[in-house]
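First up is the structure itself, then whatever we jot down about it.
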Amino acid sequence: MTFDCPWILLGLIPLIPFLVWMMRHGYAELMPWARRASITTRVILLAALLMALAEPSFIKTTRQTHILFLIDISQSISAENIETTLTRINEIAREAQSTIADPLFTTIAFGEGATIVNGPSATWHTWTESERQRLLYRTSLPALHQQRTEHISSGAAAAEVESLNATINQVERFRDEVAGLHTNIEQAARLAANCGSTDTKRTILLFTDAQFTRGSWDATWLEAAERDTTIHTFRMEQAGPPEVALTSIALPQSATVNQGFTAHLNIESTVETVAECIAYLDGYQVHAATITLSVGRNTLEIPNLYCSEKGFHAVSAVIRPESDTEIRNNTVRSLLSVPGDARILYVDGEEEHMPYLKGALEMEGMHVDARPLTGIPHSQAELLSYDAFILCDVPADRLTLRQMQMIQSYVRDFGGGFMMLGGDESFGLGGYYNTPVEETLPVRMPIQKDLIRPSLALMLVIDKSGSMDGVKIQLAKRAAIATAEAINPRDQIGLIGFDSAARTILPLTPAGDRASIAARIADLDAGGGTFMYPALRDAREQLQVSNARRKQVIVLSDGQTEGFGYEDLAALLASEGIGVSTVGIGEGADMRLLEAMAVNGGGVSYFTNDFFSIPQIFTREAMRASKNMLIERLVQPVVIEEDIVLKGMDTDSLPLLTGYVATTPRQAATTVIISDAGDPLLAHWRYGLGRAAAFTSDTKPRWAADWIRWPQFTQFWSQIVRYIAGRNLGQQLDVTTSHEQQDGQVRLVADVVNSDGEFVSDAQVTLSTINADGQAETVDVQCIAPGRYETSIPTITYGQEQTFAWRADSSDMPEPQSVPYGFVYSYSPEFQSLGPNRERLDEIASIAPGSVHALDSPDPITFETGGSARVRLWPFLLALAVIIIPADILFRRLGC
Amino acid sequence: MMLLAPWALWFATLGGAVVALYVLKIRRQQQLVPSLEFWLQLVGASPARSLFERLKRILSMLLWLIILALIVLALTNPILTLGTVKPESIVVILDNSASMQAREPDAVDGTRWTLALEALSMLTTRRPVPDEWALIEAGPTTQLRHQWSYDARRIRETADTVEPFNGHNDLPAAITLARQILTGRQRPRIVLISDGCGIDRDQVTALAKDCPLVMWDVGRSNDNLGIDRIGSRLHRRNGNHYVYVHLVSASDEAISTDLLYDIDGVTSHVEPVEIEPHGSWDKTVPFDAPDGALLRVRIDRDDALATDNVAYAVMEPITPLTIWLVSPSESAYFFEQALGSMEPLVSVDRSRSMTPEVYDSLSDQDRQTPDVIVYNNCTPETLPSAGNFLLVNSLPSDSAVARLGTLEFPTLTPMQRPHPLTQYVDLRPVRLLQAARLRVPPRTTVLATSDSGDPLVFLRETPGSRAVYLAFDILDSDMPFRNAFPVLLRNTLTFMTDSSASWVRDQYRIAEQITTRRPLPEGILEVRIAHLKDDDIINTNEPVHNGTIRLTAPNEPTALRITIGQDDVFTAVNLASTVESNMSPETNSEDPIAAMSLSGRLLGIMPWKALVGLALFLIALEWLTYQLRWSE
């Protein structure tokens, strides 16, 4: 027996003299027997209370056993297996309750997470409806959704539907948080090992297919074994519904351009079935076959594949079996890296003029992929297969924000080269002001020079009806502010909002007064109908009194306006020297009317479904209208910097140009050629890992007719393009990379050696990637051994190509080096394996005492009982005190 | 108020018995006394009996009723609520990682761990309401050390029994476990007592989900310079080793010290270290250790954390391999060419090419001298008892591999398992005319099969022996013309002699699980472990389960020699954790004392004890009034 507060027992010592005194002097009036009895009870009472305060306790051995049912409910387990498991657990628990003296039951469900479903409880109750719904989420969720649909269609009470919704949410939450996409046995084992009293013998009954995809189970299992825990394992191997899984696609580690290779598909099936298998290379179908699958492992070869271009190539395969259940494991993808010569992507809005530059570069041995403006890549992997990207005469609103961010990241994080060429739709005229592309270029779009140029009065007429509420009105405001920032500060800008009536939000104001413009534009809010006419009339009135040389109205609307006579009004404005351009947003816009207005008003009509392109359209239109960026006259280019791009060329008398787009060079940029007005014609800079250049004139007869005839035309362009595409030129380091999936993370390793074969341990190595939002992220990389660098990507995005750039920078290297790298994980490994992993089941049984059983095996389970429990005695002592009080009173009363 | 044992209220019925005993008249006993005395007593007492006598009896009864009520209430074990502070279910997580063993000037006993125990003591004694507690140790494993209990004293006693841990722990796992065991409890709370090193506060708060989390930070010392990374690599071409060491400083001051490199216990290199406040330092140093060595790196400085001042690395032996090629001369060409191009991995001077006849004429003792014997298109009667062998179209009778027939035009299908033998080897394009159809015994590592699943490339490992089999004649294939041939050959030679093919990794973290990389050979039932501790060697044996061992790395930086059959393999155990070495605690804006509403010590007493104490006082009072005749 032990005491928690033994010092209190010191209080018993005064009881002895008290007892002596009492025996001599106390209770003198009582009869002798009553006196003795009363004193005895009083001493016992005091002793009991003091002992209770000292908190005595002792350890007693028990015959208790804690039975923990661990149910694997991960996605690899069929509902049939779980159903059988629940029945089996019911049987085992009932049997245990009748045979074991003092059982304790707990049920834990696990998948990606683990949770206690019920218990610890001394009595076993059969499964509640709520527990069944959660554990059998595969079947219960469709049934609940069906039930809800029926309730709604039959007009059931709202409370009933609400209750059903709450149940669905609960089950869905359980599915997402507990079942998830993995089987984390470590978490489940830890919870089981730490659930319930630590002093009781425990028996774990594990129901699983042992297809564990996360966590290291053996450490916790060993620990459980050390605590004398018995683990009985039940194989969840009952045949589920037919299942076919395309488990992997094997490609060679690397292939060269035009080298044939074979892709090997591995297919697992639980049934004999016929399946259609289609393979794709870079999205193009390259193979289709109907095959008969046998039970077990099947292989399929797809021969004669080849890649005609360097870069990353995606090889994917899809299988469509006649009998199948899970569709998430029917597609696999893999990336193949093909090294090769430099490749240039050239996208030009004027397809007919592409041969000039394309031909020049090809004459210099470069491989040029020339595409129209629709050919801008949509994936980083596609862009990464090029060494440089040349963009010409493509307006900003033809690119999504994600594409622009991709270009920025391609240069900054992946070391790609980028160049923009001049034209009507390039630089500021193309609406690139304040975009990621502008940030990438060595020139900025607004002109800071005080040139003598025509001034502009620009009136924005913006639909602020109720349908514009939300993101559209916010973007319209942002577009208005961006427009004010983009035009010359001396130009004028105004804004009229219209719904059922017109309201002048901002009268014509000099664009330089940006603070008050922004404050006024902020007042624009949506609500009401759509009636454009009064707004156009007000715009006309205000523009008529302006002394600006150019006057322009930009109308933005997303709906059908009331009234008529708009085409005539636009024509009237045009006759007064006021241009009208229109922007329709969304499918509801009256594009027929807006186009007619633009035609009659001598402007341009735009339509967009991408609300985020509104600011680009506005700035582009404003700059187009202002004409102050477009310089069209004879221009004498002047070389102001002897630069590597002009090396070996005679630059004393460059041919004349007849136009360019005015821009402002960045401070960090190298401006190589300027116009006679001092505007940059050719500038370049290093942006992050890559290089970007801007040539503000063009490569076409319009502005560069003399240049095309210039004998050094091909040399000029090939040197510029080789310079910006320098990512893979002159490599100093040999970087070998690899990756492996490890417990939900991807571990990436790079081995870096220099050209002498020596380990490089002092390099600054980073890894860049693109996150789900399209933003570039840089991951810290650690040197872990001579020449070996390592990092981990915490999450895996299944089914998506993941592209990276290893960047190595060393003190003895002239500039950093970038190595692109990519991989794709098609789907969670949870869907990869069909059937139980018997080896691992045996391994579990070999670690801890216990055995492996078939799920439907009637073998009785033996439970080890025993353990210890601390018995606290203070309640018993207090109970004794309570009982003794009446006795004390009784003796005193009787003894009087 | 909440009663934990409401059934005890039944004892209150005894109050009826108390009242009854006072109310019921006791039948007087007849006693003869002198009449004068009787009358004097009767006359003297009669005026008082009417009021005082009645009060005397009521006072006694009231006192007994109160005493009874107090004890009955104590028996119900009530939990009281004090104002807005309500009893909670609190899981305390004790961070028991290496940085918690750092010396602290504020700690009575010297370390952050002591401060953590003091914080736990303050937490469990100064809560104004009785809470229910559970204790999780985030140490070598995440472990619930004490199940739910209202007895805070037991929680403290359990915490006192926790052994300090010198490694890196898994705090997110501890938070997850805490949340799991709090499921369904009213007013849950997690208290994390930690030095805050390496804790991503946003991450742990997110892991706690809807459970309020209080982070109780302890410790402020940061005078530490530690080795957080160490790695050794063999440069086969240069014939030496390179050792990379990375140090991290948590100190606010610049540090100037020396880094000592001890090879097999002898200091062989000293590197001066100058490091800025909160800076890092790294260096790669070459070493010549052709026979292999154990390297210990020490920081020559006493600081707050000693565990990271020393680290170990294993430098494997490097010797050019001696290869014997046993082959009929007409089929030896490709092997001779490939092996001849593999210097310095292969010693061309010492290697030999011989015909089967020459080989047969050698004595058994001579046959064991090379590092690897390649049998190409010839079958030795028996394999030497120990050694490394590459058997190409060769099947010794004692190899436990049975030949079942011949496969015509089999397709070579690599198994999807990463293995050092098949690294960078693309066997898929290799075309075969024919191959042997074989049956292999259990524990064979099959690396490539035919399309019908018959093993074509596989590895057999037995105690002291490794044998790689190719079940076909390379001249019956286009393999010699493919890159796969020299790469596979090089991998085979490297695998048989390189540490990357070792049974275990060359480095583990403290308390990490050590398991073998591949199944141990049959017949090995036990593995000997020699553990270097304070210049002594401690030997233990580990049983083999399912072809592997499961060993927990020691709780300190050290080196292990693991003897598997005839093989001795070495591995290092280090703290190797930047977050533990970089032990500057982050500033926590939250005040845990305010967050936990901690108050004076007395308010933390369990209510039943206070009730019993009060009852004791009233019993004494009742006795006093009785003795003084104020009650009866």
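Convention: sequence-line order gives letters A, B, ...; per-chain numbering from 1. Treat the numbers as computed from the prediction; the structure is a model and nothing was measured.
With salt bridges taken as basic N to acidic carboxylate O contacts below 4.0 Å, none links Glu790(A) and Arg229(B). Using a 4.0 Å cut-off between a side-chain N of Lys or Arg and a carboxylate O of Asp or Glu, Asp762(A) and Lys283(B) do not qualify as a salt bridge. In summary, Glu55(A) and Arg153(B) do not engage in a salt bridge, as defined by a charged side-chain N under 4.0 Å from a carboxylate O.
Listed options Cys783(A), Gly11(A), Ala785(A) were ranked by heavy-atom pairs under 4.5 angstrom with chain B; first place goes to Cys783(A). Ranking Ala173(B), Ala134(B), Ala17(B), Ala12(B) against chain A, the residue ahead of the rest is Ala173(B), based on heavy-atom pairs under 4.5 Å. The candidate with the highest count of non-hydrogen atom pairs below 4.5 Å against chain B, out of Cys195(A), Ala52(A), Gly113(A), Ala881(A), is Ala52(A). If you tally non-hydrogen atom pairs under 4.5 Å between each of Gly231(B), Ala576(B), Pro140(B), Ala5(B) and chain A, the highest count goes to Gly231(B).
Here the side chains of Ile67(B) and Ile885(A) are in contact, with some heavy-atom distance below 4.5 Å. Using a 4.5 Å heavy-atom cutoff, the side chains of Gln180(B) and Gln187(A) are in contact. Annotation: side chain of Leu616(B) is in contact with side chain of Leu46(A) (closest heavy-atom distance under 4.5 Å). Side chains of Arg233(B) and Asp751(A) form a contact here, defined as non-hydrogen atoms less than 4.5 Å apart. When side chains are defined from C-beta on, His264(A) does not count as touching Thr413(B), because their heavy atoms never get closer than 4.5 Å. Taking the side chain as every heavy atom from C-beta outward, Ile619(B) and Arg42(A) approach each other to under 4.5 Å. Counting heavy atoms from C-beta on, the side chains of Thr299(A) and Thr411(B) never come closer than 4.5 Å. Between Ile116(A) and Thr183(B), every side-chain heavy-atom pair lies at or beyond the 4.5 Å cut-off.
If you measure heavy-atom distances from Val245(B) to chain A, you find no contacts under 4.5 Å at all. For Trp623(B), the parts lying near chain A are the backbone and the side chain together; criterion is any non-hydrogen pair under 4.5 Å. Interface residue Ile883(A): backbone and side-chain heavy atoms are both found under 4.5 Å from chain B. With a 4.5 angstrom heavy-atom cutoff, Thr284(B) touches chain A only via side-chain atoms. Heavy-atom distances place both the backbone and the side chain of Gln782(A) under 4.5 Å from chain B. For a residue to count as touching a neighbouring chain, one of its non-hydrogen atoms must lie under 4.5 Å from one of that chain's; by this rule Arg179(B) does not touch chain A. Of the two parts of Ile136(B), neither the backbone nor the side chain holds a non-hydrogen atom closer than 4.5 Å to a non-hydrogen atom of chain A. Of the two parts of Gln513(B), only the side chain, counted from C-beta on, holds a non-hydrogen atom closer than 4.5 Å to a non-hydrogen atom of chain A. For chain B, the nearby part of Cys5(A) is the side chain; its heavy atoms alone come within less than 4.5 Å. Interface residue Ser57(A): only side-chain heavy atoms are found under 4.5 Å from chain B. Interface residue Asp151(B): only side-chain heavy atoms are found under 4.5 Å from chain A. For a residue to count as touching a neighbouring chain, one of its non-hydrogen atoms must lie under 4.5 Å from one of that chain's; by this rule Arg872(A) touches chain B with the side chain only.
Distance CG/Leu21(B) to CD1/Ile889(A): 6.0 Å, rounded to 0.5 Å. We find the CG-CH2 distance between Asn77(B) and Trp874(A) to be 4.0 Å, quoted to the nearest 0.5 Å. Taking CG of Leu177(B) as the reference point, atom CZ of Arg190(A) lies at 7.0 Å (rounded to 0.5 Å). Taking NE2 of His246(B) as the start and CD1 of Ile784(A) as the end, the distance is 12.5 Å to the nearest 0.5 Å. Distance NE2/His235(B) to CD/Glu758(A): 4.5 Å, rounded to 0.5 Å. Atom CD1 of residue Ile71(B) and atom CG of residue Leu45(A) lie 5.5 Å apart, to the nearest 0.5 angstrom.
Shown here for Leu878(A) and Ala74(B), the closest heavy-atom pair between the two residues is CD1-CB, 3.7 Å. When every heavy atom of Asp282(B) is checked against every heavy atom of Ser761(A), the shortest pair comes out as OD2-O, 4.1 Å.
Between Tyr242(B) and Phe759(A), the ring-plane angle classifies as perpendicular under the 30° and 60° cut-offs.
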Exercise for the section: Could you walk me through whether Asn194(A) and Ile181(B) pass side-chain contact (heavy atoms from CB on, under 4.5 Å), step by step? Expected result: CA-CA 9 Å; Asn194(A) 292 291; Ile181(B) 65 172; 5.6 Å; no

